[in-house]
Q: 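Before I ask anything, here is the structure I am working with.
A note on names: the letters A, B, ... follow the listed sequences, proteins ahead of strands, and every chain is numbered from 1. This one's a predicted model, so the numbers in the text were calculated from it and none came from an experiment.
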Amino acid sequence: MTANAMPVLRVRDLRVTYYTDAGRVAAVNGVSFDLAPGERLGLVGESGCGKSTLALALMRMIKPPGRIESGSAVVRTAQGEIDLLTLDEAAMRKVRLSVISYIPQGAMNALNPVLRVEQQMLDALQAHMPQMPRREMLARAEAALESVELSRDVLRRYPHELSGGMKQRVCIAIGILLSPRVIIADEPTSALDVVVQRQVMETLRRVQEQLGASLILIGHDMGLMAQVAHRVAVMYAGQFVEISPVHAMFTQPLHPYAQALIQSLPRLENRGVFHGLPGMAPSLLRLPSGCAFHPRCAYVMDACRREAPPTVSTPDGRLVQCYLYAAAKEGESAAMQERASPQPQEGMRA
Amino acid sequence: MTPLLELRAVGKVYTRGVFARERVVALKGVDLVIDESRPRIIAVAGESGSGKSTLGLLVLGFLQPTEGAVLYRGKRVDALRGAEYWRFRREVQAVFQDPFAVFNPFYKVDHLLQVPIEKFKLAPSRQAARLMMEDALRAVGLRPEEVLGRFPHQLSGGQRQRIAVARALLLKPRLLVADEPVSMVDASLRATILESLRHMRDAHGVSILYITHDLTTAYHVADEILVLYAGRVVESGEVEAVIRAPKHPYTQLLIDSIPWPDVSRVWGAAPMTKRDGTEARANTGCRFAPRCPAVMPRCWQVPPPTYHLGLRRAVACYLYEQEAEKFNPAEPQCMAAR
């Protein structure tokens with residue numbers, strides 16, 4: 001992996017709206033980012049900030065009343081570039097699992113309870129490679145299970161015969177069956193105990209590295225992000241307010257929301273010190289004017305109330321959407337427009 | 001002095017099936033003493049199925065122990081009657097995991113606060129009741145005018161959970177059982193709820209049993225910790241000592257698996273043994289033996305007793321047999337598992 005490698009996924013100005021009876025909800029409101037090959041991008045934010053909607057949009061699994069309004073999501077594959085958002089349904093079905101795969105939140109509910117694991121894995125393979133002989137498909141399924149440290153007799157079991165951690169690993173095995181370029185894992189360990197969580201995350205990280213795939217890890221557990229991600233994107237009210245390399249994010253967050261989030265974390269050194277986040281997450285139905293964070297922000301300025309701040313890219317490859325950093329950047333408007341490509345830091349943890 | 005709460009060798013076996021043929025040992029041999037004069041927050045930590053919620057329900061008197069006894073102010077909880085029973089009900093309060101399920105969606109949130117005031121006749125007039133509610137809400141960091149008169153769905157999970165804490169506070173309890181109070185609340189709001197628990201201890205002298213699987217928050221809010229594994233207390237002590245220098249192999253594994261939000265700490269440095277499928281092996285000894293990296297032949301036969309390594313430090317593991325012989329408690333302990 002080189003610092004200036006071409007991104008494997010390039011998302012630009014993605015917008016998803018839910019048309020509800022109460023009004024239009026802009027769940028993803030102009031999100032842009034690049035994902036480098038082999039990179040693990042953490043995506044954090046409070047519940048309802050739009051992170052799962054973003055994942056579903058990339059998988060083209062948004063259902064009415066939701067709609068993808070605009071934007072592009074280009075994946076680079078061996079066969080060329082594919083814009084996920086313009087594919088027709090048949091083509092998209094081919095792309096799911098083989099190019100981009102999704103490991104859903106709560107594996108307990110993701111598997112079909114009346115089919116054996118074997119059948120669910122074979123169904124996935126058959127849909128993409130109808131010509132493949134059954135023996136070969138079984139061999140692939142076994143290999144996938146082996147790579148998540150499950151024995152082959154799991155194939156003959158029903159989901160209820162497996163523990164939560166095992167079910168989650170079956171979901172990972174299905175997710176990697178066809179060696180996708182991008183894996184999206186939506187809170188893959190939120191319902192698991194710490195020890196099992198660590199086992200599942202280590203498994204996911206190992207298979208992701210073996211495949212050379214990129215990973216988008218969604219969650220609100222900042223501890224997990226600190227340990228697993230290369231870069232962290234902080235989402236607030238449908239927008240990315242900051243994207244930074246993990247070390248910079250945890251030691252020197254830029255956006256006031258990211259700062260408050262990092263400060264509220266319990267660490268080993270600050271025992272008994274609590275910093276809550278003031279105020280409430282805004283309703284996506286009635287977003288505040290200007291910057292959506294301004295009612296809770298300690299550094300609010302007049303400009304914040306009037307107009308949404310621009311996305312500023314810093315020289316060290318970070319992106320932040322805040323006037324505090326826009327001021328210093330005046331005159332360098334070219335830099336503001338340019339979105340930095342991801343630069344996973346060196347010396348990241350194995 | 002009689003302790004506020006005492007658990008003496010408490011065990012709970014759930015039975016199922018005809019003639020109770022299926023037996024599940026949820027808890028075994030749990031001792032615990034909580035002293036009223038020294039309010040403390042005691043964390044009860046363990047994975048799902050370790051018996052930690054059963055422990056909470058036993059303390060609340062919602063379940064009866066099948067072995068041993070739960071004593072409140074020296075009397076068995078299941079034998080409390082009349083005025084004593086109502087005193088127990090008022091003085092021992094609970095906050096549960098789900099801030100959505102405790103509210104009736106058809107009532108305004110005021111209802112949750114009004115019911116206990118009426119039931120326990122805490123206020124002489126409606127005016128006084130209103131003032132009490134406002135005080136309780138302010139004590140947990142909420143602005144009464146922002147929450148009173150609203151319906152549950154109009155409030156965030158964090159606000160609702162704090163109302164549940166305010167409700168408990170209203171009754172001036174001596175003991176609060178908080179079962180996973182922050183696990184369903186966004187990380188950014190956890191701090192405020194934990195802060196209000198600590199405020200209850202410091203300003204109102206309430207002891208708290210903080211039941212959780214999250215050692216990070218336990219470390220931050222609690223004074224002492226009991227670590228449960230498969231229904232037994234495997235380790236107990238001051239939280240600082242246990243988290244920084246765990247003794248029992250299970251506690252070591254647990255603490256090594258915490259993903260700290262700190263980029264300078266590497267996650268999971270210690271290796272772990274595989275888990276799935278090994279639990280089925282017949283084992284009359286230590287329940288952790290199938291997963292233990294330091295397992296010895298004797299571990300499979302007889303469960304290890306609890307060894308005391310200090311006045312407030314105990315561990316149930318043969319590895320500490322010799323270390324425990326050096327320790328001779330001069331005085332009986334007033335707290336922590338024996």
Side-chain angles (χ1 to χ4, degrees), chain A residues 44-49 149-151 153-154 162-166 169 189 191-199 201-202 219-228 245-251 257 260-278 280-281 349-350, chain B residues 45-50 141 146 154-159 183-199 213-223 239-240 243-244 250 253-268 272 274-277 279 291:
Chain A
V44 295
E46 288 166 284
S47 11
C49 74
E149 286 162 354
L150 288 174
S151 69
D153 44 272
V154 168
L162 306 173
S163 72
M166 289 167 89
R169 271 185 272 170
T189 59
L192 306 174
D193 294 311
V194 275
V195 178
V196 185
Q197 162 176 296
R198 184 180 135 200
Q199 286 171 327
M201 274 323 298
E202 280 176 0
H220 59 240
D221 185 344
M222 293 296 275
L224 209 57
M225 296 300 167
Q227 299 298 338
V228 175
V246 69
H247 194 266
M249 181 64 89
F250 277 85
T251 51
Y257 176 64
L261 205 60
I262 298 292
Q263 235 188 17
S264 74
L265 295 175
R267 292 166 198 254
L268 203 51
E269 297 77 40
N270 64 354
R271 173 154 185 252
V273 184
F274 296 107
H275 296 283
L277 224 68
M280 266 177 83
R349 287 173 309 287
Chain B
E47 57 191 19
S48 19
S50 63
E146 273 181 16
Q154 295 173 304
L155 301 175
S156 72
Q159 282 177 313
S183 68
M184 291 185 67
V185 177
D186 265 328
S188 54
L189 296 167
R190 284 182 184 173
T192 30
I193 291 161
L194 296 177
E195 186 63 68
S196 41
L197 290 184
R198 275 218 319 209
H199 178 76
H213 71 271
D214 178 5
L215 288 157
T216 332
T217 58
Y219 174 70
H220 276 263
V221 79
D223 302 299
V239 73
E240 187 91 41
I243 302 281
R244 286 191 181 261
Y250 174 64
L253 171 65
L254 209 55
I255 285 162
D256 192 48
S257 300
I258 302 174
W260 290 98
D262 184 344
V263 280
S264 57
R265 282 180 71 89
V266 179
W267 193 25
M272 56 183 152
K274 289 239 182 81
R275 179 188 181 185
D276 298 314
E279 263 125 314
R291 294 170 68 185

Q: Quick one: of Leu194(B), Thr217(B), Ile243(B), who has the most non-hydrogen atom pairs under 4.5 Å with chain A?
A: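 With the most close heavy-atom pairs to chain A, the winner is Leu194(B).
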Q: Provide the closest heavy-atom pair for Arg291(B) versus Val195(A) in the form atom of the first, atom of the second, distance.
A: NH2-CG1, 3.5 Å
Q: Check whether Thr251(A) gets within reach of chain B through its side chain, its backbone, both or neither, counting any heavy atom under 4.5 Å.
A: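 Thr251(A) touches chain B through side-chain heavy atoms alone.
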Q: Look up atom CE in Met201(A) and atom OG in Ser257(B), then write down how far apart they are to the nearest 0.5 Å.
A: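 If I round to the nearest 0.5 Å, the distance is 13.0 Å.
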Q: If I compare all heavy atoms of Phe250(A) with all of Pro261(B), which pair ends up nearest, and what's the gap?
A: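 Minimum heavy-atom contact is CD2-O, 3.7 Å.
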Q: Keeping Gln227(A) on the side-chain end and Trp260(B) on the backbone end, is there a donor-acceptor pair under 3.5 Å?
A: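 Yes; at least one donor-acceptor contact below 3.5 Å.
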Q: Which atoms of Ile193(B) are under 4.5 Å from chain A, going by heavy atoms: the side chain, the backbone, both sets, or neither?
A: neither
Q: Can you tell me how far apart CG (Leu224(A)) and CD1 (Ile258(B)) are? Round to the nearest 0.5 Å.
A: 13.0 Å
Q: Could you grab the distance from atom CZ of Arg198(A) to atom CG of Leu254(B), nearest 0.5 Å is fine?
A: 10.5 Å
Q: Using side-chain heavy atoms (C-beta onward) and a distance below 4.5 Å, is Gln197(A) in contact with Pro259(B)?
A: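 Touching, per the 4.5 Å side-chain cut-off.
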